[in-house]
Amino acid sequence: MDWSILLDKTILIVIIFVISLAIAAYSTYGERKVAAFLQDRIGPDRAGPFGLLQPLADGLKFFLKEEIIPTASDKFLFIIGPCIFMMTALMTSAIIPWGMPLHFGSHVFSLQVADLNVGILYLLAVVSIGGYGIMIGGWSSNNKFALLGALRASSQMISYELSMGMAIIALLLLSQSLSIREIVDMQQGFHWNVFYQPVGFLIFLICAFAECNRAPFDLPESESELVGGYHTEYSSMKLGLFLFAEYINMFISSAIISCLFFGGYHFPGIDSLGLSPNWAAIVSIIVLFAKIFFFIFFFMWVRWTVPRFRYDQLMRLGWKILIPLSILNVLATGAWLTFFK
Amino acid sequence: MSQLIFFILSAMTIASALVVVFSKHPMYSVLSLVVCFFTIAGHYILLNAQFLAITHIIVYAGAIMVLFLFVVMLLNLNRESEPHKPGKMKFAATISAGMLFLILIAAMKSTTMETFSFPPPSTNGMIQHVGQRLFTDYLLPFEISSILFLSAMIGAVVLAKKEKH
């Protein structure tokens, strides 16, 4: 076992963990500010300058709230539910290449925790087990609304996973590789996959919204009909974990959308700047995060623009529109690659 | 190192499989079966079959077990509402399990314990390899099984379709 690799990876994992939590915390602030902007309000402005300390105040509040575990609930599963949800939200960050490698003398510090040769499949696997946290939490609450929310969440996730996988298959036909770093490096220059796979990108984006349970697909927790959905019975930091994990999911899916379809850490003209490798690496990290922040903003923009779907509309969109469309997209991509390339 | 991981994984696999059988509550059975699938996927990774490991998780833990969980949640099975099996059935179950045990002992009597050795790492489980083999040597079985799946899917759709009166 090479100890320097272990040390490198540990440092990187801790940094990514802290950044994910920080971005999730400030996404809540961003969400409220964006909502306020779209609704012509001011938004949080009391805690600190421009309300910047609001996430800290919210976090502190979560920790200090009374912890309520319903007596009729299954205590073990009730506690482990939000933990599993948080864990699966964080797991996907392992395969994202955050930038070009850094060079310290002869030592190369790769900014990716694991360059799996089945990276995309790992992504699909983690997405597919992402529903367990919600299902376990919703079921163990022993509450009708929570159970309904959990059932909605799991059926929604199963339905949209299919078209998500199909959209990725069309992308894989182009890239000929399942490693995310190779997919990102293939888009160097301005060969972003979104220009070659516009339909695939659209399907993937819609599915990402559905998998994150974000509006307009936030039926599992639709407050107007299910009180709070799967987290109705949760209080204190366990509720905090559910809400936090949703923002981490949003952050990670923005990162994955940027990597798969928008060139990841590449941007046109990075080679012509003539930067030294380390400076290029730093610029590449900033470029990736700029793309990620744009998509996080996009997630919020859609939430405060589009109203929630009805449940039958959600299912019809998933099964009758997105899946046939994504299969056609795979066929069209295959035909194009066979006859024109 | 990998031997240590192997033993830990094996212990976890056996323990979770036992929980599946012995757990009184169907919810815990389903969840420990999920844990069991994860540990088996770990064994695949130890054998350098990453593709198999990940598809195992996607198909079993991600799709099939979610449906199981779905059914358990919808039926809302409790210890109280579980039907108690009649004595005759218990008797038959004990007899048949005892006979199976006898057969197992008879089969294992003549086996010898071999020293445990780890197989050398091979690239057979890598996705490039699997894909190439599937689409050259095993193309016909692959296509036939995919047609089988397709017909199963169509069958399910036909069965689920409402009859028009």
Side-chain angles (χ1 to χ4, degrees), chain A residues 1-2 6 72 74 76-78 80-81 84 88 91 95 114 116-142 144 146-159 161-162 164-165 168 172 176-179 230 319 323, chain B residues 1-2 4-5 19 23-35 37-38 41-42 44-45 48-79 123 125-132 150 153 156-157 160:
Chain A
M1 175 71 69
D2 196 351
L6 205 62
D74 191 317
F76 174 68
L77 292 180
F78 190 76
I80 213 169
I84 292 177
T88 46
M91 262 167 77
I95 48 156
L116 296 180
N117 68 350
V118 286
I120 297 264
L121 290 176
Y122 172 86
L123 169 74
L124 286 174
V126 175
V127 166
S128 68
I129 58 170
Y132 276 109
I134 293 181
M135 286 175 81
I136 292 171
W139 180 82
S140 62
S141 303
N142 203 6
K144 286 191 188 71
L147 182 66
L148 278 174
L151 287 177
R152 280 185 177 185
S154 49
S155 47
Q156 174 176 327
M157 280 185 162
I158 293 177
S159 310
E161 253 162 46
L162 287 173
M164 185 182 235
I168 289 179
L172 293 182
Q176 313 272 324
S177 167
L178 274 86
S179 150
Y230 59 89
W319 287 97
I323 289 180
Chain B
M1 187 75 184
S2 52
L4 183 70
I5 298 175
V19 174
S23 160
K24 279 263 163 61
H25 205 295
M27 191 78 174
Y28 282 93
S29 295
V30 171
L31 291 177
S32 50
L33 192 55
V34 174
V35 175
F37 285 142
F38 270 94
Y44 288 144
I45 289 176
N48 216 7
Q50 300 167 355
F51 175 67
L52 191 58
I54 296 278
T55 22
H56 185 79
I57 290 177
I58 294 178
V59 173
Y60 286 97
I64 293 178
M65 291 324 287
V66 170
L67 291 178
F68 270 56
L69 211 58
F70 212 88
V71 172
V72 170
M73 278 162 67
L74 276 179
L75 293 180
N76 207 8
L77 296 168
N78 291 321
R79 222 169 300 172
T123 55
M126 294 293 182
I127 183 158
Q128 292 89 343
H129 236 86
V130 173
Q132 236 134 39
L150 188 66
M153 271 181 345
V157 171

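First the proteins, then the strands, lettered A, B, ... as listed; each starts at 1.
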Under 3.5 Å, side-chain donor or acceptor atoms of residues 120-131 of chain A against the rest of the protein: list the pairs with distances, not counting sequence neighbours.
| from | atom 1 | to | atom 2 | distance (Å) |
| --- | --- | --- | --- | --- |
| Tyr122(A) | OH | Met91(A) | O | 3.1 |
| Ser128(A) | OG | Leu124(A) | O | 3.3 |
| Ser128(A) | OG | Ala125(A) | O | 2.7 |

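- The environment of Phe68(B) atom CZ is sparse: at most 12 non-hydrogen atoms of other residues, nucleotides or ligands sit within 6.0 angstrom.
- Heavy-atom distances place both the backbone and the side chain of Ser155(A) under 4.5 Å from chain B.
- For chain A, the nearby parts of Met65(B) are the backbone and the side chain; heavy atoms of each come within less than 4.5 Å.
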I'd like a table of donor-acceptor pairs (distance under 3.5 Å, sequence neighbours excluded) in which one partner is a side-chain atom from residues 52-59 of chain B, with atom names and distances.
| from | atom 1 | to | atom 2 | distance (Å) |
| --- | --- | --- | --- | --- |
| Thr55(B) | OG1 | Phe51(B) | O | 2.5 |
| Thr55(B) | OG1 | Leu52(B) | O | 3.2 |

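- Under the 3.5 Å distance criterion, the side-chain polar atoms of Tyr132(A) are matched with a main-chain donor or acceptor of Ala61(B).
- Phe38(B) touches chain A through its side chain: at least one heavy atom from C-beta onward sits under 4.5 Å away, while N, CA, C and O do not.
- Options Ile136(A), Leu151(A), Ile158(A) differ in how many heavy-atom pairs under 4.5 Å they form with chain B, and the most are formed by Leu151(A).
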